[in-house]
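The structure displayed is predicted, hence computed values, not measured ones.
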Amino acid sequence: MGEVSSNTLIAPRFLFRFAVPVARRDPIWKDGGVELDDSYRLLKLAELDAGTLDHERGCADVRMAWASEGLLFNVRVEGKKQPLWCRDSRLEDSDGLQVWIDTRATLNIHRASRFCHRYAFLPAGGGRGQAEPVADQLLINRARENARPIRPHELQVASRVTASGYWLAAFVPAAALGGYDPQQHRQLGFTYAIFDREFGMQTFATGPAFPFDEDPTCWAQLDLVS
């Protein structure tokens, strides 16, 4: 592939509809989290935008697995020189992971349905001294219908924070994913955003120039493979 011109106005990711395989893992969760190996690493689609105005630095290693019990995410960020900024009272502004999941993978609707979910996971920011990891639900702007509100502690999260970064494990159980049925529906609509005040934002299907936070047509397709 030839080098993309630096004056490209449309990010290459926007020109394609991606279908990305995600492998199964059993067991999918345990106390303290589950660490996924290299075979579960998600492609860094943002690298396709290299040389464009929308190119992102890409600070995080993101991995994902599925099982009938739910979806598991791993995030690792290294090389930080500034401390994390995480607050459970300001989820959208905090360093960490946000995911958008459409259990019906419609991908042709501009406003989220009740099958579309948004969750935030922070490596710190909760508990005494704001040292505990945080998991919570966020609403999707302009949604035609909101997903079911989750119960407290329904999501699972674990983290290890160091002076130079963090490792995060986040689990979304099937009960928190309305319409999740991997036996009948092996495709998901999906995107993520890693927020980091030092490194900037890292996204999956489309970058911050597009309304990926509210428009499911900006998401990619995940294929749940065995």
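At a threshold of 4.0 Å, the pair K30-E35 does not count as salt-bridged, since none of the basic side-chain nitrogens sits closer than that to a carboxylate oxygen. Salt-bridge check for R87 with E92: failed, with every basic side-chain N at 4.0 Å or more from each acidic carboxylate O. The pair D196-K80 meets the salt-bridge criterion, with a side-chain N (NZ, NE, NH1 or NH2) lying under 4.0 Å from an Asp/Glu carboxylate O.
In this structure D181 satisfies the side chain to side chain contact (heavy atoms under 4.5 Å, CB included) test together with Q183, Q184, H185, sequence neighbours excluded. The side chain to side chain contact (heavy atoms under 4.5 Å, CB included) check on E145 picks up R114, with sequence neighbours excluded. E214 meets the side chain to side chain contact (heavy atoms under 4.5 Å, CB included) test with I140, N141, R142, P211; sequence neighbours excluded.
The two residues G96 and P123 make their nearest non-hydrogen contact at CA-CD, 4.0 Å. Summarising the geometry of F204 relative to L43, their closest heavy-atom pair is CE1-O, 3.4 Å, with the distance given to 0.1 Å.
In summary, the side chains of R118 and Q137 do not present any donor paired with an acceptor at a separation below 3.5 Å, with no hydrogens or angles considered. For the 3.5 Å distance criterion, the side chains of N108 and T106 fail to qualify, holding no donor opposite an acceptor.
Residue pairs that meet the salt bridge (Lys or Arg N to Asp or Glu O under 4.0 Å) test with at least one member in residues 167-178, sequence neighbours left out, do not exist here. Each side chain to side chain donor-acceptor pair (under 3.5 Å) pair with one or both residues in residues 64-75, not counting sequence neighbours, would appear here, but there are none.
Looking at heavy atoms from C-beta onward, V77 lies in side-chain contact with F199 at the 4.5 angstrom threshold.
Neither I150 nor F115 shares a network with the other; the hydrophobic side chains, linked directly or stepwise wherever heavy atoms of I, L, V, M, F, W or Y lie under 4.5 Å apart, form separate groups for each. Transitive grouping of hydrophobic side chains (ILVMFWY, heavy atoms separated by less than 4.5 Å) brings Y166 and L42 into a common cluster. Linking ILVMFWY side-chain heavy atoms closer than 4.5 Å, directly or via other members, places V20 and Y192 in a single hydrophobic cluster. Two different hydrophobic clusters hold Y40 and M64 under the rule that ILVMFWY side chains link at heavy-atom gaps under 4.5 Å.
Here the rule is ring pair (Phe, Tyr, Trp, His ring centres under 6.0 Å) with F171, and of W29, F73, F121 only W29 fits it. A side chain to side chain contact (heavy atoms under 4.5 Å, CB included) with L168 is found for exactly one of L97, I194, L122, namely L97.
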Determine all donor-acceptor pairs shorter than 3.5 Å in which one atom belongs to a side chain in residues 129-136; sequence neighbours excluded.
none

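Ring geometry for Y119 versus H117: interplanar angle under 30°, hence parallel rather than tilted (30 to 60°).
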